[in-house]
Amino acid sequence: MAKATDNHRHAYLIMAHNEWGLLNVLLSLLDDERNDIYLHIDKKVKAWPQLYQPQRSALRFTPTRYDVRWGDVSQVYSEMALFKEAHRHGPYQYYHKLSGVDLPIKSQDYIHRFFDGHEGREFIGFFDRTDYIKADTERKRRRYYFLMRWNFRCPFEPRWKVVAAQLVRHAALKIQDALHFSRGNELTFRTGHNWVSLTEEAVSYLIANEKFINRRFAHTSCADEMYKQSLLISNPVFKARIFDLDNGIRSCMRFIDFKRASREQQRRGEPYTWQDEDADELLESEYLFARKFSGSNKALVSRIASAVGGGSPNPGAQPVKQPGENGVTTHDKEEKEQADTV
């Protein structure tokens with residue numbers, strides 16, 4: 001089913017669309033000879049950012065950039081692009097999916113020791129099975145959600161497009177409800193956090209099922225929070241490997257706090273943004289990563305960068321060129337050419 005792995009290399013898969021200074025801190029904290037870094041820059045980004053060039057890790061880009069929209073299947077496409085690009089350069093012991101506003105809150109030595117000690121477990125979080133979550137998952141399972149590319153989380157789109165798409169989408173949902181329509185129940189459908197740390201075997205399994213994923217989740221609201229959980233928990237082998245089915249935050253080992261989110265963040269489905277005064281709480285927690293951060297909280301970012309990486313909170317950024325064919329950067333090509341001449 002998967003390529004055998006006898007190494008302890010890790011792949012970090014990052015989706016980013018803004019906060020380039022914070023992204024550079026993240027890249028610098030992941031820069032380790034045991035890691036490779038894979039980056040998806042949102043297609044909406046027109047001016048290519050200056051990025052920290054890792055000195056010990058390879059930095060590679062997805063061959064295709066997607067215009068990623070909240071709740072839309074483009075989230076799934078960009079995730080799968082990262083999984084496939086990293087898998088092509090694998091095998092890896094673990095694949096860690098992060099956003100550009102996440103940070104590690106433990107050192108790389110600590111993180112590698114942790115995963116060595118829990119090798120084979122799948123770190124993927126599931127939302128608590130409250131009545132609301134059960135009903136929401138069931139709605140997403142059985143109904144088609146059309147035109148999700150245009151929703152209230154798209155301020156860059158003309159208002160009339162968002163309103164028109166919402167009217168069509170809601171009318172379609174009403175018709176499906178009236179007809180008692182159901183898309184099918186092929187899996188044990190579950191939802192959870194889309195930030196995960198998965199084994200080589202789990203990533204191989206997702207890639208092998210890419211056609212099914214694209215077909216089944218194409219018109220699902222927030223499919224990125226559903227497809228991985230549903231496929232893995234439906235497979236008895238992977239279900240037995242899940243780290244903690246009873247605690248969604250611990251199971252993905254990411255410190256994410258929705259309880260302290262502002263009213264506006266709650267309306268938008270966003271977690272609390274960690275503040276300067278939260279440094280001790282973050283660093284003393286059991287978790288390996290945390291989200292989300294803001295570059296405006298400079299004291300917090302500096303404290304974490306110093307505690308975790310021992311480096312500068314403002315790493316030097318270089319004009320890394322946009323990737324060419326197959327996501328290869330100029331730096332990668334030079335290394336390959338040198339290897340070919342040996």
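We're numbering straight along the sequence, starting at 1. Everything numeric in this text was worked out from a predicted model, so none of it was measured.
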Is there side-chain contact between [X] and [Y], with heavy atoms separated by less than 4.5 Å?
| X | Y | result |
| --- | --- | --- |
| Thr273 | Val101 | no |
| Thr64 | Ser78 | no |
| Ile304 | Val25 | no |
| Leu282 | Leu103 | no |
| Phe238 | Leu231 | no |
| Trp274 | Asn297 | no |
| Gln275 | Leu300 | no |
| Leu232 | Leu198 | yes |

Which atom of [X] lies closest to which atom of [Y], heavy atoms considered:
| X | Y | value |
| --- | --- | --- |
| Asn151 | Met148 | ND2-O, 2.6 Å |
| Leu26 | Gly100 | CD2-CA, 4.3 Å |
| Arg143 | Gln176 | CA-OE1, 3.3 Å |
| Ala86 | Ala11 | CB-CB, 4.2 Å |
| Arg241 | Thr199 | NH1-OG1, 3.9 Å |
| Gln266 | Phe258 | NE2-O, 4.1 Å |

- Task: Evaluate side chain to side chain contact (heavy atoms under 4.5 Å, CB included) for Phe83 paired with Glu210, printing each intermediate quantity in order.
- Result: CA-CA 11 Å; Phe83 282 133; Glu210 183 179 17; over 6 Å; no
- NZ/Lys44: more than 12 non-hydrogen atoms of other groups inside 6.0 Å: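 Above 12, so yes.
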Quick check for you: to the nearest 0.5 Å, what is the distance between [X] atom [atom1] and [Y] atom [atom2]?
| X | Y | atom1 | atom2 | value |
| --- | --- | --- | --- | --- |
| Lys239 | Gln229 | NZ | CD | 14.0 Å |
| His219 | Arg169 | NE2 | CZ | 12.0 Å |
| Gln108 | Arg56 | CD | CZ | 10.0 Å |
| Ile14 | Leu59 | CD1 | CG | 8.0 Å |
| Thr130 | Asp136 | OG1 | CG | 9.0 Å |
| Tyr12 | Leu27 | OH | CG | 12.0 Å |

Hey, is the main chain of [Y] close enough, under 3.5 Å, to the side chain of [X] for a donor-acceptor pair?
| X | Y | answer |
| --- | --- | --- |
| Asn35 | Ser57 | no |
| Lys140 | Ala223 | no |
| Asp31 | Pro54 | no |
| Arg9 | Tyr92 | no |
| His40 | Leu82 | no |
| Glu85 | Ala81 | no |
| Arg65 | Val45 | yes |
| Ser204 | Glu200 | yes |
| Asp102 | Ser99 | yes |
| Glu19 | Gly295 | yes |

Any Lys/Arg nitrogen of [X] or [Y] sitting under 4.0 Å from an Asp/Glu carboxylate oxygen of the other?
| X | Y | value |
| --- | --- | --- |
| Glu286 | Arg250 | yes |
| Asp280 | Arg303 | yes |
| Arg260 | Glu281 | yes |
| Glu79 | Lys97 | yes |
| Arg34 | Asp109 | yes |
| Asp177 | Lys174 | no |

Hydrophobic clustering (ILVMFWY, side-chain heavy atoms < 4.5 Å, transitive) - are [Y] and [X] grouped together?
| X | Y | result |
| --- | --- | --- |
| Leu173 | Val73 | no |
| Tyr145 | Tyr227 | no |
| Ile242 | Ile133 | no |
| Phe212 | Tyr205 | yes |
| Phe243 | Ile105 | yes |

Cut-off 3.5 Å, no hydrogens considered: what does the side-chain donor-acceptor table look like for residues 186-193, sequence neighbours left out?
| from | atom 1 | to | atom 2 | distance (Å) |
| --- | --- | --- | --- | --- |
| Glu186 | OE1 | Arg216 | NE | 2.9 |
| Glu186 | OE2 | Arg216 | NE | 3.2 |
| Thr191 | OG1 | Thr137 | OG1 | 3.4 |

- Item | Centroid-centroid under 6.0 Å between Trp195 and Tyr287 rings | no
- Would you say the ring centroid of Phe114 lies under 6.0 angstrom from that of Tyr94? no
- Task: Apply the test side chain to side chain contact (heavy atoms under 4.5 Å, CB included) to residues Ile233 and Leu245: give CA-CA distance (whole Å), side-chain angles for both, the deciding distance (0.1 Å), then the verdict.
- Result: CA-CA 10 Å; Ile233 203 169; Leu245 267 173; 3.9 Å; yes
- Query: Which of these passes side chain to side chain donor-acceptor pair (under 3.5 Å) with Ser197: Arg121, Arg254, His118, Glu122?
  - Reply: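 Of the listed residues Arg121, Arg254, His118, Glu122, the side chain to side chain donor-acceptor pair (under 3.5 Å) partner of Ser197 is Arg254.
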Does one side chain, of [X] or [Y], offer a donor that lies under 3.5 Å from an acceptor on the other?
| X | Y | result |
| --- | --- | --- |
| Ser230 | Arg141 | no |
| Asp32 | His10 | no |
| Asn194 | Gln75 | no |
| Gln50 | Asn24 | no |

- Task: Give the ring-plane orientation class for Tyr144 versus Phe146, where under 30° counts as parallel, over 60° as perpendicular and anything between as tilted.
- Result: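 Ring orientation of Tyr144 relative to Phe146: parallel.
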- Phe152 and Trp70 aromatic ring geometry - parallel, tilted or perpendicular at 30°/60° bounds: perpendicular
- Task: Decide yes or no on side chain to side chain contact (heavy atoms under 4.5 Å, CB included) for His8 and Glu119, but give the supporting numbers first.
- Result: CA-CA 10 Å; His8 295 271; Glu119 189 166 16; 4.0 Å; yes
- Check the pair Tyr95, Tyr38 against ring pair (Phe, Tyr, Trp, His ring centres under 6.0 Å), reporting the backbone distance first and the verdict last. CA-CA 10 Å; Tyr95 295 71; Tyr38 296 85; 8.1 Å; no
- Message: Would Met80 and Ile207 count as a side chain to side chain contact (heavy atoms under 4.5 Å, CB included) here? Give the steps.
- Response: CA-CA 7 Å; Met80 291 302 294; Ile207 292 172; 4.3 Å; yes
